K.L.:
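Pasting a structure here, questions to come.
None of these values were measured; they are calculated from a predicted model.
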Amino acid sequence: MTTLKIVWNRKQKISCLWFLALLVSFGYPQPSRARSASDTFSNSLDSPSEDSPNLLPALEDYFRDWFKRVDETQAVQPHWKPPLITTSPILTELYKYDQYWEHLSNGAGNLTNFDTGKGFEFIPAKPIEVIIGLPPYEERSGKNPAVGLGDWPFLLLKYRLFSANEENGNYCLTPTVAFSAPTGSNAFSTKNFGITPNIASGKGWGDFDVLLDFGVNLPAGDFHKLGTPLLTNVTFQYKLLNVLCPQVEVNYTYWPNGPNRGKNQVFLLPGILLGPIPLYKRLAWSLGVGYQFAVSDAHPQYENNWIFDFRMSF
């Protein structure tokens with residue numbers, strides 16, 4: 001119970017800091033060159049508004065300028081494709097749906113995961129992204145068949161620290177933090193809240209780019225059952241004809257504690273992304289498919305996984 005209180009208090013502090021950063025950053029544009037988030041804040045403090053506007057006009061202005069703010073935010077970052085699994089350092093505004101078909105380890109059967117906790121991605125302020133996840137639905141066959149909802153990854157926050165578009169350096173660095181709630185059915189829930197801090201980065205050279213992220217999954221309790229796995233992902237991408245993007249991901253997990261202590265899991269994930277294909281004005285759709293397979297001796301989770309990815313940007 002003491003551990004849960006400590007983690008919950010830290011979670012509240014992290015959420016407050018992100019919310020404060022979001023409020024401070026409303027309405028302050030970034031230039032078309034590379035710059036840090038601290039530059040934006042310092043410039044805004046140098047010239048505060050003399051008259052505090054009424055709340056209603058301020059909200060009207062905020063929502064009226066939403067897409068202009070999104071365009072300005074994305075103009076100062078690379079235009080890479082978000083990978084199939086690796087957390088992208090760039091900020092995006094879209095709806096994302098993924099589906100996994102996993103073949104479990106040790107003959108345990110198969111697991112189909114609908115949505116996988118993806119959802120809506122918004123850019124409410126410079127340089128912040130908020131992802132509102134949707135609860136996944138899972139179906140498991142084999143030794144222990146079960147169906148039901150998985151735990152809900154309800155919120156992921158990104159704060160882009162540094163970025164430059166293709167003409168000014170082609171790089172990006174973005175810390176993130178994700179939160180999950182134990183709302184799943186008994187068969188799929190960890191029975192604990194979870195926090196996953198992560199750092200995502202990337203560097204491009206022309207049509208080729210490399211993305212890297214590193215994070216740790218911290219449950220609010222039951223460390224002896226769940227552990228605190230360390231997550232590392234590397235993605236290599238190459239853009240073809242502006243709409244095709246073949247990629248190869250390396251997904252590595254190491255368990256320093258818990259029931260899988262000392263074990264590691266390494267996957268390779270070749271895949272291809274198609275899009276964006278324009279639909280109407282800002283609307284565009286994208287598709288992605290990939291096959292993930294284990295290359296390590298130990299397979300604590302699953303052996304292979306087919307991935308389907310659908311995105312609708314706006």
Side-chain angles (χ1 to χ4, degrees), residues 3-4 6-8 10-11 13-15 18 82-89 98 100 102 104-106 111 113 116-118 131 133 136 150-161 172-182 184 188-203 210-236 247-269 271 290 292-305 307:
T3 302
L4 179 57
I6 294 174
V7 174
W8 180 253
R10 290 181 178 175
K11 175 183 173 182
K13 292 179 181 179
I14 293 173
S15 300
W18 280 100
L84 291 173
I85 288 182
T86 302
T87 300
S88 175
D98 283 2
Y100 296 171
E102 299 175 1
L104 304 177
S105 302
N106 303 317
L111 177 67
N113 192 324
T116 72
K118 300 303 189 293
I131 300 179
D151 285 346
W152 180 23
F154 62 93
L155 181 64
L156 188 150
L157 301 172
K158 292 183 179 183
Y159 187 88
R160 192 183 64 198
L161 288 178
C172 195
L173 177 67
T174 304
T176 75
V177 60
F179 304 93
S180 63
F188 302 112
S189 177
T190 64
K191 309 298 191 299
N192 286 276
F193 284 90
I195 302 175
T196 305
N198 184 79
I199 184 74
S201 61
K203 179 69 176 75
V210 179
L211 308 181
L212 170 66
D213 72 62
F214 176 78
V216 55
N217 193 349
L218 302 173
D222 292 333
F223 292 96
H224 63 291
K225 294 181 180 180
L226 303 174
T228 57
L230 305 177
L231 315 170
T232 305
N233 299 284
V234 184
T235 301
F236 305 92
Q247 66 151 56
V248 176
E249 290 189 46
V250 182
N251 314 121
Y252 173 73
T253 304
Y254 173 72
W255 285 265
N257 45 41
N260 292 316
R261 181 177 181 179
K263 293 183 179 181
N264 64 78
Q265 183 172 257
V266 184
F267 288 106
L268 290 182
L269 172 53
Q292 185 187 42
F293 57 94
V295 295
S296 54
D297 294 331
H299 311 309
Q301 293 180 307
Y302 52 90
E303 294 183 3
N304 54 67
N305 177 24
I307 297 174

K.L.:
Have Gln292 and Tyr100 got a donor and an acceptor in their side chains that come within less than 3.5 Å?
P.N.:
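The answer is no; no qualifying pair exists.
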K.L.:
I need the Phe223 CZ to Leu218 CG distance, nearest 0.5 Å.
P.N.:
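The CG atom of Leu218 is 7.0 Å from CZ of Phe223, to the nearest 0.5 Å.
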K.L.:
Test side-chain contact (heavy atoms from CB on, under 4.5 Å) on Leu268 and Phe293 and set out the steps.
P.N.:
CA-CA 6 Å; Leu268 290 182; Phe293 57 94; 3.7 Å; yes
K.L.:
So Phe179 and Phe193, side-chain contact (heavy atoms from CB on, under 4.5 Å) or not? Walk me through it.
P.N.:
CA-CA 7 Å; Phe179 304 93; Phe193 284 90; over 6 Å; no
K.L.:
Any donor and acceptor pair, going by atom type alone, linking the side chain of Asn251 with main-chain N or O of Asn233 inside 3.5 Å?
P.N.:
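No, the answer is negative, given that no donor and acceptor are paired below the 3.5 Å cut-off.
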K.L.:
Compare every heavy atom of Gln265 with every heavy atom of Ser296, then report the nearest pair and how far apart it is.
P.N.:
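Residues Ser296 and Gln265, closest heavy atoms: OG-CA, 3.4 Å.
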K.L.:
For the backbone of Thr228 and the side chain of Asn257, can you confirm whether one donor and one acceptor N or O come within less than 3.5 Å of each other?
P.N.:
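Yes, Asn257 side chain to Thr228 backbone: donor-acceptor pair under 3.5 Å.
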K.L.:
Looking only at side chains, do Thr235 and Gln247 share a donor and an acceptor under 3.5 Å apart?
P.N.:
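Distance-only check fails for Thr235 and Gln247.
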K.L.:
Would you confirm whether Asn198, through its side chain, and Asp213, through its main-chain N or O, come within 3.5 Å as a donor-acceptor pair?
P.N.:
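Checked: no pair found.
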K.L.:
Using atom types as modelled and distance alone, determine if a side-chain donor or acceptor of Lys158 lies under 3.5 Å from a backbone N or O of Ile131.
P.N.:
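No; judged by distance alone, with no hydrogens or angles, the pair does not exist.
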K.L.:
Between Glu249 and Pro83, is there a donor-acceptor pair closer than 3.5 Å when you use the side chain of the first and the backbone of the second?
P.N.:
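Not at all, since once roles are kept as given, no pair shorter than 3.5 Å links the two residues.
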K.L.:
If I take atom CZ from residue Phe214 and atom CG from residue Leu231, how far apart are they, to the nearest 0.5 angstrom?
P.N.:
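The CG atom of Leu231 is 8.0 Å from CZ of Phe214, to the nearest 0.5 Å.
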K.L.:
Quick one, Arg160 and Thr174 - any side-chain contact, counting heavy atoms below 4.5 Å?
P.N.:
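Yes, their side chains come closer than 4.5 Å.
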K.L.:
Taking all atoms of both residues into account, what is the closest heavy-atom pair of Trp255 and Pro229, and its distance?
P.N.:
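Smallest heavy-atom distance, with atoms named: NE1-CB, 3.7 Å.
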K.L.:
Which pair of non-hydrogen atoms, one from Gly117 and one from Pro136, has the smallest distance, and what is that distance?
P.N.:
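The answer is N-CB, 3.7 Å.
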K.L.:
Could you grab the distance from atom OG of Ser201 to atom CG of Leu173, nearest 0.5 Å is fine?
P.N.:
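Rounded to the nearest 0.5 Å, the OG-CG separation comes out at 6.0 Å.
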K.L.:
For the residue pair Leu104 and Gln301, what are the closest heavy atoms and their distance?
P.N.:
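So the two residues come closest at CD2-O, 4.0 Å.
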K.L.:
To the nearest 0.5 angstrom, please state how far the CG atom of Asp222 sits from the CG atom of Asn192.
P.N.:
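Asp222 CG to Asn192 CG: 4.5 Å, rounded to 0.5 Å.
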K.L.:
Rounded at 0.5 Å granularity, tell me how far NZ in Lys263 sits from OG1 in Thr253.
P.N.:
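Atom-to-atom, Lys263:NZ and Thr253:OG1 are 13.5 Å apart.
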K.L.:
Got a sec: does the NZ of Lys191 have more than 12 other heavy atoms crowding it under 6.0 Å?
P.N.:
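Yes, because the 6.0 Å sphere around NZ of Lys191 holds more than 12 heavy atoms from other groups.
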K.L.:
Closest heavy-atom contact between Asp151 and Ala181?
P.N.:
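Here Asp151 and Ala181 meet closest at CB-O, 3.4 Å.
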K.L.:
Rounded to the nearest 0.5 Å, what's the gap from OG1 on Thr176 to CG on Leu157? Could you check?
P.N.:
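So the OG1 of Thr176 and the CG of Leu157 are separated by 8.5 Å.
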K.L.:
Would Leu211 and Thr87 count as a side-chain contact (heavy atoms from CB on, under 4.5 Å) if you check the C-alpha gap in whole Å, the side-chain angles of each, and the deciding distance to 0.1 Å?
P.N.:
CA-CA 9 Å; Leu211 308 181; Thr87 300; over 6 Å; no
